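In this text, all values refer to a predicted model and were calculated from it rather than measured experimentally.
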Amino acid sequence: DAVAAGSSDSRYTVTYNAPSSLGSSSNMRVNIVHGDLNLGNNESGGGLLVVTGDLTTQGNISWDGLILALGGYVHIGGGGNGGLNGSIYVANIDTSGSDWVFRTEADGSRTGSTFYNNGGGNATYAFDCTQLTLVHDLLNEVTPAATAIWTMPECAGSGSSESSDY
């Protein structure tokens, strides 16, 4: 919770459950969820979503911004027409200590991550530099130290996007 220290910004939430407000593309928030997060039908949000456990979605979920799923497992389930404009990063990170590190096997190799998608629908997952730039700017406002380690040369021409339909 070091990022929260000294931050009185109402756009910042640290929780052990689903946050009451996930923000929107016009009102982005920083949401950090310690543990697993299940998002249900028709939920949407915008900004930065950090989930230290597994992330599971069902139905018409939509997100504008960046999702960091650090539990090593993302399950996109059921039909739906939502999607993501921004980016998602899935990694198997041990967040139990003061230093977050990649989980490893007995031989020292990194433990893998899983992005599992099943069900019908027309969800679109689009890499969107405009949304990522907005998240970067939000972090700079909430906690400037965070943006010092995040550079975005691939988004120098903000607005570019690539998409994949699932």
Side-chain angles (χ1 to χ4, degrees), residues 1-4 7 9-40 42-58 60-77 80-95 100-102 113-117 123-166:
D1 297 3
V3 175
S7 176
D9 197 310
S10 64
R11 295 171 295 174
Y12 184 89
T13 302
V14 177
T15 183
Y16 290 89
N17 306 357
S20 59
S21 171
L22 293 171
S24 66
S25 59
S26 61
N27 184 26
M28 290 192 159
R29 297 181 48 86
V30 175
N31 291 292
I32 299 177
V33 178
H34 291 283
D36 297 343
L37 178 62
N38 296 304
L39 295 175
N42 297 319
E43 289 191 82
S44 63
L48 174 62
L49 175 62
V50 179
V51 180
T52 63
D54 296 337
L55 174 62
T56 303
T57 69
Q58 185 75 30
N60 295 321
I61 305 302
S62 62
W63 190 267
D64 291 321
L66 177 61
I67 298 174
L68 302 176
L70 305 180
Y73 183 78
V74 172
H75 178 208
I76 309 296
N81 298 314
L84 169 73
N85 293 308
S87 190
I88 186 168
Y89 178 80
V90 182
N92 203 345
I93 305 288
D94 180 357
T95 61
W100 291 7
V101 296
F102 285 97
S113 302
T114 302
F115 183 92
Y116 180 68
N117 182 18
T124 299
Y125 296 86
F127 178 84
D128 189 319
C129 281
T130 299
Q131 295 299 325
L132 293 175
T133 299
L134 291 171
V135 171
H136 188 270
D137 293 347
L138 170 66
L139 283 177
N140 192 45
E141 293 171 18
V142 175
T143 178
T147 58
I149 60 171
W150 179 18
T151 60
M152 301 184 343
E154 66 279 2
C155 291
S158 182
S160 62
S161 67
E162 299 174 18
S163 66
S164 298
D165 294 333
Y166 289 99

Original post:
For the residue pair Ser62 and Gly82, what are the closest heavy atoms and their distance?
Top reply: CB-CA, 4.3 Å
**OP:** With rounding to the nearest 0.5 Å, note down the distance linking CG in Leu39 to CG in Asn60.
**Re:** 12.5 Å
**OP:** Working to the nearest 0.5 Å, report the span between OH of Tyr125 and CG of Asn85.
**Re:** 11.0 Å
Original post:
Can you name the nearest heavy-atom pair linking Leu66 to Val135, along with the distance?
Top reply: N-CG2, 3.8 Å
Original post:
So do the side chains of Asp36 and Tyr73 get within less than 4.5 Å of each other, counting heavy atoms only?
Top reply: no
Original post:
How far does CG of Leu37 sit from CD1 of Ile32, to the nearest 0.5 angstrom?
Top reply: 13.0 Å
Original post:
Say you draw a straight line from CH2 of Trp100 to OG1 of Thr95; how long is it, rounded to the nearest 0.5 Å?
Top reply: 5.5 Å
Original post:
Which residues pass the side chain to side chain contact (heavy atoms under 4.5 Å, CB included) test with Thr56, sequence neighbours left out?
Top reply: Asn38, His75
Subject >> Closest non-hydrogen atom pair between Asp64 and Met28, with its separation >> reply: O-CE, 3.5 Å
**OP:** For Ser25 and Gln131, work out which heavy atoms get closest and say how close.
**Re:** CB-OE1, 4.4 Å
**OP:** Look only at the side chain of Ser44 and the backbone of Trp63, and say whether a donor-acceptor pair between them is shorter than 3.5 Å.
**Re:** no
**OP:** Could you pull out the closest heavy-atom pair between Val74 and Ile76, with the gap in Å?
**Re:** CG1-CD1, 3.8 Å
**OP:** Indicate the atoms forming the closest heavy-atom contact of Ala91 with Ser113, along with that distance.
**Re:** CA-OG, 3.2 Å
Original post:
Atom CG of Leu134 and atom CG of Leu139: how far apart are they, to the nearest 0.5 Å?
Top reply: 11.5 Å
Original post:
Hey, what do you get for CG (Asn81) to CD1 (Ile61), rounding to the nearest 0.5 Å?
Top reply: 11.5 Å
